[in-house]
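See structure below.
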Amino acid sequence: MNKISTQVAIIGAGPSGLLLGQLLHKQGISNVIIERVTGDYVLGRIRAGILEQGFADLVREAGVAERMDAEGEIHEGVEIAADGERFHIDLKGLTGGDVVICYGQTEITSDLMAARAAAGLETYYEAENAQLHEVTGDKPWVSFEHQGEQYRLDCDYIAGCDGFHGVSRQTIPADKRTEHERVYPFGWLGLLSDTPPVSEELIYCKSERGFALASRRSATRSRYYLQVPLDDTVEDWSDEDFWQELKKRLPADAADALVTGPSIEKSIAPLRSFVCEPMQYGKLFLVGDAAHIVPPTGAKGLNLAASDVAALYQILTRVYHDNDTDCVSRYSEVALRRVWHGERFSWWMSNMLHDFGDEVATGMDSKTFSRFMDSERDYYLKTEEGKTVIARQYVGLPYEKV
Ligand code: RFL
Ligand code: PHB
């Protein structure tokens with residue numbers, strides 16, 4: 001048995017775990033990360049593209065923002081196309097100056113990984129069978145296997161940053177947590193290609209054939225999504241099928257300008273709203289997708305992970321710098337307040353922009369539900385105050401000071 005110890009054990013080297021690790025390191029707080037898969041595997045998962053200002057500021061505070069600030073694109077607005085019309089949401093104008101940054105989750109993750117390696121911080125990739133022990137005691141610990149050897153990691157606190165399918169949330173006894181969930185009757189098929197994007201701003205499109213999103217990573221790299229039935233597989237969709245369907249869902253002038261090409265990556269993600277309450281149990285804190293999932297329609301998943309990290313980082317800094325352990329019990333309450341705002345916004349955007357067919361779990365038939373959503377769009381896309389509500393939530397609500 002190999003014995004190691006640290007102040008904060010972090011489970012998972014996704015963006016949540018890596019960002020928390022880097023911020024804590026900057027404050028002189030030691031941490032060890034345990035990750036189930038390889039670094040390359042983590043980098044192969046193509047996910048988020050839109051970062052809120054609060055996220056970007058945290059990355060700057062972590063000292064890892066050089067490439068994000070040089071290569072990330074500032075987006076001052078987004079478009080929503082619905083019912084044959086295009087609506088521009090002027091994020092900057094409607095919020096008094098706030099914007100979002102378009103920079104891939106893969107890039108952030110790779111920047112954080114490089115910074116962690118350069119600082120010589122310990123990360124155990126391909127660590128198997130991680131188990132959390134004595135999390136309600138004074139001295140929690142984590143066991144895992146690495147390269148055929150058994151490890152015991154002693155620590156003061158554990159940050160469960162291991163995503164939706166991780167082990168951390170399952171460590172909280174079922175009778176001590178409540179899980180809220182809404183599973184949507186469709187998924188998103190994403191395609192990445194080295195083609196010039198169809199638009200400088202993102203376009204969220206509601207069409208009669210279902211939802212589509214035109215996003216981007218740079219002036220030469222595009223990211224597109226299509227709403228697809230839950231039982232579709234990537235093999236069901238050739239590149240040609242994807243481009244043809246996308247053209248039918250985009251507004252006509254955007255469809256005319258669409259440049260197609262071979263895909264670099266294609267994947268399907270189911271849509272889910274999920275929250276686990278509380279987000280802490282003894283000395284274990286759940287962070288990011290380990291505690292909550294949103295449908296990607298509002299671009300909130302990674303950004304909510306970042307606000308969890310911000311809250312936990314403030315708390316742990318106070319614990320180690322000021323010897324203030326009273327603030328520890330506030331983590332869940334502070335994190336959840338912002339999580340629920342993001343959950344509500346993502347759920348609402350998803351309702352407004354997707355085709356639910358006959359599967360609306362709201363106690364009304366699908367035609368009635370559609371009429372409610374027609375009215376939502378009519379109000380929120382055609383009035384200044386409606387657009388302001390969308391803009392404020394899209395750029396992200398402020399972080400709460402702990
Ligand atoms: P992750 O990224 O899932 O990382 C968790 C890590 O934990 C590891 N792990 C374990 N390690 C050790 N032991 C175990 N037992 C373990 N079990 C798991 C995993 O291998 C993994 O490396 O969670 P994290 O760090 O909380 O980050 C969350 C984000 O990845 C997620 O919220 C976003 O990608 C969501 N999301 C978006 N968020 C945004 O803010 N803006 C967007 O534009 C946006 N677009 C998206 C998205 C998610 C998408 N998909 C595929 C779900 C678009 C898509 C299509
Ligand atoms: C993306 O570019 O991957 C992306 C952007 C906005 C979203 C979801 C995904 O709402």
Side-chain angles (χ1 to χ4, degrees), residues 9-21 33-39 41-52 54-55 73 75 78 100-106 108-109 112-113 123-132 142-146 159-171 187-192 197 201-204 211 213-218 221-225 265-272 274 286-309 342 345-346 349-350 353 394 396:
I10 299 177
I11 317 296
S16 301
L18 288 167
L19 181 58
L20 179 66
I33 301 187
I34 292 161
E35 165 60 54
R36 190 170 48 85
V37 298
T38 64
Y41 188 91
V42 174
L43 289 177
R45 295 191 287 231
I46 308 294
R47 290 181 170 180
I50 293 292
L51 312 179
E52 295 172 355
F55 185 111
E73 296 179 343
H75 283 213
V78 294
V100 292
I101 297 180
C102 185
Y103 187 63
Q105 175 168 334
T106 323
I108 285 280
T109 309
L112 286 164
M113 269 182 184
T123 313
Y124 290 84
Y125 282 101
E126 296 185 272
E128 289 169 43
N129 199 20
Q131 305 279 330
L132 283 46
V142 180
S143 60
F144 62 97
E145 290 154 36
H146 185 247
C161 304
D162 48 351
F164 184 64
H165 300 288
V167 66
S168 299
R169 188 177 68 254
Q170 305 303 336
T171 304
W188 277 21
L189 168 66
L191 180 147
L192 189 70
E201 291 183 347
L202 268 61
I203 316 177
Y204 291 81
F211 174 83
L213 170 62
S215 181
R216 51 190 282 146
R217 290 293 178 269
S218 70
R221 183 167 283 192
S222 303
R223 179 71 167 161
Y224 296 106
Y225 294 97
E265 191 265 2
K266 262 193 304 217
S267 50
I268 294 187
L271 265 65
R272 186 192 301 271
F274 174 89
L286 301 182
V287 180
D289 280 15
H292 42 77
I293 296 286
V294 287
T297 325
K300 287 286 164 259
L302 180 59
N303 291 305
L304 290 180
S307 55
D308 293 351
V309 168
F345 179 64
S346 308
M349 285 276 282
S350 301
L353 299 178
Y394 196 82

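Counting starts at 1 for both ligands and their atoms, following the listed order.
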Q.
I need the nearest protein heavy-atom contact for atom 3 (O) of ligand 1: residue, atom name and distance, please.
A. R47 NH1, 3.2 Å
Q. Do the non-hydrogen side-chain atoms of T297 and S346 ever get within less than 4.5 Å of each other?
A. no
Q) Hey, does M113 have a side-chain heavy atom less than 4.5 Å from the side chain of L43? A) yes
Q.
I need the nearest protein heavy-atom contact for atom 19 (C) of ligand 1: residue, atom name and distance, please.
A. E35 OE2, 3.4 Å
**Q.** For the student: nearest non-hydrogen atoms of C161 and L20, plus distance
**A.** SG-CD2, 4.4 Å
Q. Can you tell me the protein heavy atom closest to atom 2 (O) of ligand 2 and the distance?
A. S215 OG, 2.6 Å
(Q) Distance under 4.0 Å to a non-hydrogen atom of G49: what atoms of ligand 1 satisfy this? (A) 42 (C), 43 (O)
Q.
Strictly distance-based, threshold 3.5 Å: is any side-chain N or O of D162 a donor or acceptor partner for the main-chain N or O of V167?
A. yes
Q | For ligand 2, the portion of A299 having any non-hydrogen atom under 4.0 Å away | A | both
(Q) How long is the straight-line distance from NE2 of H165 back to CD of Q170, given to the nearest 0.5 Å? (A) 10.5 Å
(Q) I'd like to know if the side chain of K300 reaches the main chain of Y394, judged simply by a donor and an acceptor atom lying under 3.5 Å from each other, with no hydrogens or angles considered. (A) yes
Q: Give a yes/no verdict on whether any heavy atom in G190 is under 4.0 Å from an atom of ligand 1.
A: no
Q) Closer than 4.0 angstrom: is that true for some heavy atom of A127 and an atom of ligand 1? A) no
Q.
Any atom of ligand 2 sitting under 4.0 Å from a heavy atom of I46?
A. no
Q. Does ligand 2 have an atom under 4.0 Å from some heavy atom of Q105?
A. no
Q. Under 4.0 angstrom from ligand 2, any heavy atom of K300?
A. no
Q) What protein heavy atom sits nearest atom 8 (C) of ligand 2, and how far off is it? A) P296 O, 3.4 Å
Q: Please could you name the atoms of ligand 1 that K300 approaches to less than 4.0 Å, counting only its heavy atoms?
A: 39 (C), 40 (O)
Q. Which bit of R47 gets closer than 4.0 Å to ligand 2, counting heavy atoms only: side chain, backbone, both or neither?
A. backbone
Q) For atom 25 (O) of ligand 1, which candidate among G12, S16, G166 provides the closest heavy atom? A) S16
Q: Considering only non-hydrogen protein atoms, determine which one is nearest to atom 32 (O) of ligand 1 and report residue, atom name and distance to 0.1 Å.
A: D289 OD1, 2.7 Å
Q: Spell out, as yes or no, whether a donor-acceptor pair under 3.5 Å connects the side chain of H146 to the backbone of Y125.
A: yes
Q) Is it true that E265 and R45 make a salt bridge, defined as a side-chain N closer than 4.0 Å to a carboxylate O? A) no
Q) Does R169 reach the main-chain N or O of A290 with its side chain, forming a donor-acceptor pair under 3.5 Å? A) yes
Q: Check for a donor-acceptor pair, side chain of D289 on one end and backbone N or O of F164 on the other, with a separation under 3.5 Å.
A: no
(Q) Students should be able to answer this: which protein heavy-atom is nearest to atom 53 (C) of ligand 1, and at what distance? (A) Y225 OH, 3.6 Å
(Q) For atom 9 (C) of ligand 2, which of the options Y103, Y224, Y225, Y204 provides the nearest non-hydrogen atom? (A) Y225
Q. When you measure from atom 22 (O) of ligand 1 to every protein heavy atom, which one gives the shortest distance, and what is it?
A. R45 NH2, 2.5 Å
Q: Look at atom 4 (O) of ligand 1 and say which protein heavy atom is nearest, naming residue and atom and giving the distance to 0.1 Å.
A: G14 CA, 3.6 Å
